Number of protein chains: 2
Amino acid sequence: MSKFSEELAQAFQTVSLRPTAQRYAVLEFLARRRVHATAAEIFDALNRDDPRASRATVYNNLHSLAKAGLVREVHGEGKAARFDASLHPHHHFVCETCGDIEDLPWFDLPPGFSRSAAGKREVRAYEIVFRGVCVRCRGTRGVR
Amino acid sequence: MSKFSEELAQAFQTVSLRPTAQRYAVLEFLARRRVHATAAEIFDALNRDDPRASRATVYNNLHSLAKAGLVREVHGEGKAARFDASLHPHHHFVCETCGDIEDLPWFDLPPGFSRSAAGKREVRAYEIVFRGVCVRCRGTRGVR
DNA sequence: TCTAAATTTAGAATAAGTCTAAAGCAAGGA
DNA sequence: TCCTTGCTTTAGACTTATTCTAAATTTAGA
Ligand SMILES: [Mn+2]
Ligand SMILES: [Mn+2]
Ligand SMILES: [Zn+2]
Ligand SMILES: [Zn+2]
């Protein structure tokens, strides 16, 4: 068993989610390819060769994984939600030109910022979303 | 003409959008009630008494206003997009319990943070999204 | 091995948002 | 004022994304 699959199995263990074949496939897809895929993209990828998970199951697992904190739901430009393996914290960059979502390294808000900003609310997490033009789109001079 | 409606008219002026009755109604609704409403909620509110704007027009104007920067599209818990008048910059807090979105006062990232985080990307805007439990839901002890 | 709870599934159903084509308006030039 | 042209609005059909349903299967644990 590879180190990678051990890591996934371990992840299921610690959040006490049954490691079914379908659930494993969904998480594996997102963890291997560090993309921000839509449910439809995941469904297609998993079933390209032979049927591995139904559409409902892909959604079910994205939600159970998200609730467990192993997957994160991100909203970019389009209306379909996007998902990424959330094994390590990070911020996001959304390209307003091509719609791509990219990971940015995590950094903490200066201590005190989040507490004072949120008042009496209980902050469990935060994320900074940057918007602009990605490197690829900046290169495409003049094209809009 | 009230100071408020002058302000809206002014806003249309500066972004050179025609101040049609329907477009005005959409922006007025969001600017008066500082909510984060879905397109459906806005449509219902505008047409409660008599027909004021069609569904397509509500969407059309939300998009034209968003492109002009007068309105912002926010994604909370549900799948429907939410909109707010964006006349002043602010951050957001999303309650994971009731789904409500609340405004937080704006504060800048420490200078250098955003530039170094984003690498060669061109950052046009950023927003911090906090998640947790709102004051109202914290009060509801024990209830989940 | 047995049982109860969790999971999967195909397909129907719903919800959110977009598109179309025709009609209505508004700004600016002649 | 009268055009012309480009926005804008509209109803309703349509597409896309996501959820629901109810029956079959699988899983963990006793
Ligand atoms: Mn990510
Ligand atoms: Mn807001
Ligand atoms: Zn791009
Ligand atoms: Zn709440």
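Quantities reported herein were computed from a predicted structural model and do not represent experimental measurements. Naming: A, B, ... by sequence-line order, numbering from 1 per chain.
In this structure, R18(A) atom CZ and dT7(C) atom C1' are separated by 7 Å, rounded to whole Å. Remark: P of dA28(D) and CG of L17(A) are 12 Å apart, rounded to the nearest angstrom. With rounding to whole Å, R55(B) atom CZ is found 14 Å from dC19(C) atom P. Look at CZ on F12(A): it is 17 Å from P on dA6(C), rounded to the nearest Å.
Remark: A56(A), Y59(A), H63(A) in residues 56-78 of chain A come within less than 4.0 Å of DNA chain D through at least one heavy atom. Contacts of residues 22-45 of chain A with DNA chain D (heavy atom under 4.0 Å): none.
V71(A) and Y59(A) fall into different hydrophobic clusters, where Ile, Leu, Val, Met, Phe, Trp and Tyr residues are linked whenever their side-chain heavy atoms come under 4.5 Å apart, directly or through other members.
The residue among F83(B) and T20(B) whose nearest nucleotide of DNA chain C is located toward the 5' end is F83(B).
When only modelled atom types and interatomic distance are considered, H92(A) and E127(A) share a side-chain donor-acceptor pair under 3.5 Å. A side-chain N or O of R23(A) and one of N61(A) form a donor-acceptor pair less than 3.5 Å apart. Defined by atom type and a distance below 3.5 Å, a donor-acceptor pair is present between the side-chain atoms of R72(B) and H90(B).
Under a 3.5 Å cut-off, the side chain of S116(A) and the backbone N or O of G112(A) do form a donor-acceptor pair. The main-chain N or O of C95(B) is never found under 3.5 Å from a side-chain atom of D100(B) such that the two would form a donor-acceptor pair.
The distance between the ring centers of H91(B) and Y126(A) does not fall below 6.0 angstrom.
Relative ring orientation between F130(A) and F107(A) is described as tilted, the plane-to-plane angle lying within the 30° to 60° band.
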